[in-house]
Amino acid sequence: MNLFFRELKANSKSLILWCIGILLMVASGMSKFGGVSSSGQSMNELMKAMPKALQAIMGTGSLDISTAGGYYGILFLYLMVMGAIHASMLGSTIVSKEERDKTVEFLLVKPISRNKVITWKLIAALVNVLIFNIVTFISSATVVEYYNDGISLHGDIALLLAGMFILQLIFLFLGTAIASATMNPKAAGSVSTAILMGTFLLSIIIDISSSIDFLKYLTPFKYFEAKQVMFGEGLDVVFLILSASFIFIFLFVTYKLYKVKDMAV
Amino acid sequence: MSVIEISNLTKIYGKARGINNISFTVEEGEIFGFIGPNGAGKSTTIRTLLGLIYPTGGSAKIFGKDCIKDGPKIKKEIGYLPSEVFYYDNMKVLDLLKYSASFYKKDCSKRIRELADIMDLDLSKKIDDLSLGNRKKVGIIQGLLHEPKLIILDEPTSGLDPLMQQKFFDLLKEENKKGATILFSSHILTEVQRLCDRVAIIKEGEIVTLEKISTLKESTYKKFKIETAAPIDKEYFQIEGVNDLEEDGVTASFLFKGNVNSMMKKIAGIDIVNIWVEEPDLEEIFMHYYEKED
């Protein structure tokens, strides 16, 4: 328990900063909608006229940006990226920082098993990720509702954020798995960020070129897209199963490799 | 009873460093010195004992239990002071010590105050702001606050001034009297000489010798220095049992191991002006062990 509270405290400042970032992102992002919506359908037509690549980069695709929900769908892509970056950095540092700061010679000579160390750290990280997600949900629901003049979108946003939570878990445990696997504690953060950016780029490339659509299974950013979750059939079972398998594998690797690891001191 | 039993412990990292086939035991209530130059494998041995790294061969037992399998259990009774003290940023000394204490299921607050008084440490300061010596003190208190039965110290005196060092040694002797076993690694021989009962000398990952401090010093080594009236023949003292012979015209100095009578007869054969016969200090014996191997 002491380790859990220590981790909560150690990460509190960074979590607060991330949450402020989210609030600003949602508020400023949606405030632009005020301007767009007054121009009505013309904005949609303008978007359609843009090359497909540009549409993909902006994340518009098939979303109707003249509605608050559709506009939020674009914004959500960036919220997902933020959530993923936060989770992967949190995951990789929460495990690797003891080695990086050489406090591992303090922590691991205490009467606590390595499995317990990982368990408490993961629980603390989960709490962080959950708070991040809840703050995103509350701010999104409030701000979107302010601009929305159709039926309530709370349910849709909740479903989107459920998807984002799964994405956060994938990247959180990817981070912890890499931190457990690597011998160089300083590299853990950059390796997981590189994988994150790689999968994100892949998701954009898939949007541009539909011929490589089958690669969508490789990038979690394609699993819970707004156009699918809000305006399609909701969360996709195949993607849910894939996510669960990734989470399970990363968790397994985290525990397994941390247990047999020679600590770098 | 043996508190630490190390048998054929081997740790190979890549190619160079590591330890090879180390075996020794530390008995209950003993202060055991572990000496060798930097990079000889002292820290590697200790880190393997503490389960920070895993052995490639052999095994080690602490309190009769396997140091890897029963790690969390035996660590309740171990206090460890690493050679370099690193702690969580932005923590006050007292917070760090309380955090450390929270891993042991006993109330250590009284002991923390006692130790801080002895070591003259301000508990309200931030660890970041402390000097090297004061950080070391935090490490010492952190290692002793739960009154462990086994205290493992890796180069504990670096950064401490002589006065503090003395206080620290007194503290260790007191803990030892109360029944604590101490494993003390160092490259400074005089401090080992002052404190330890037995000593293992490690070199390039292997134990070179393991002896009682008293035997090591007594092992009939004598340090001779002779001044003569006429220049000494260079070959004169090149006899069995003489080591580290240094001659400089009318003076000669060397370490001698063997029958003192034969040496006295040899010396009686020349006309001497002055003579010094001394107990060599550990350092000289130690250097001797090292040179012999080369």
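Naming: A, B, ... by sequence-line order, numbering from 1 per chain.
When B:K105, B:H146, B:E77, B:M91 are compared by the number of non-hydrogen pairs under 4.5 Å with chain A, B:M91 comes out ahead. Contact count against chain A (heavy-atom pairs under 4.5 Å) is highest for B:K75 among B:E84, B:K73, B:K75, B:K76. Here A:I112 is the residue among A:I112, A:D101, A:V104 with the most heavy-atom pairs under 4.5 Å with chain B. Of the listed residues A:E98, A:K97, A:K116, the one with more heavy-atom pairs under 4.5 angstrom with chain B than any other is A:E98.
In this structure, chain A has no heavy atom under 4.5 Å from any part of B:S43. Contacts of B:Y80 with chain A are made by side-chain atoms alone, with heavy-atom separations under 4.5 Å and no backbone atom involved.
Among B:D70, B:L150, B:I4, the one residue that satisfies the side chain to side chain contact (heavy atoms under 4.5 Å, CB included) test with B:F63 is B:L150.
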So A:L218 and A:T199, side chain to side chain contact (heavy atoms under 4.5 Å, CB included) or not? Walk me through it. CA-CA 7 Å; A:L218 290 178; A:T199 50; over 6 Å; no
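If you take NZ on A:K261 and OG on A:S180, they are separated by 6.0 Å, rounding to the nearest 0.5 Å.
Side-chain atoms of B:R111 and B:E147, non-hydrogen and from C-beta on, do get closer than 4.5 Å to each other.
Note: A:Y217 and A:F239 have tilted aromatic rings, judged against thresholds of 30 and 60 degrees for the angle between ring planes.
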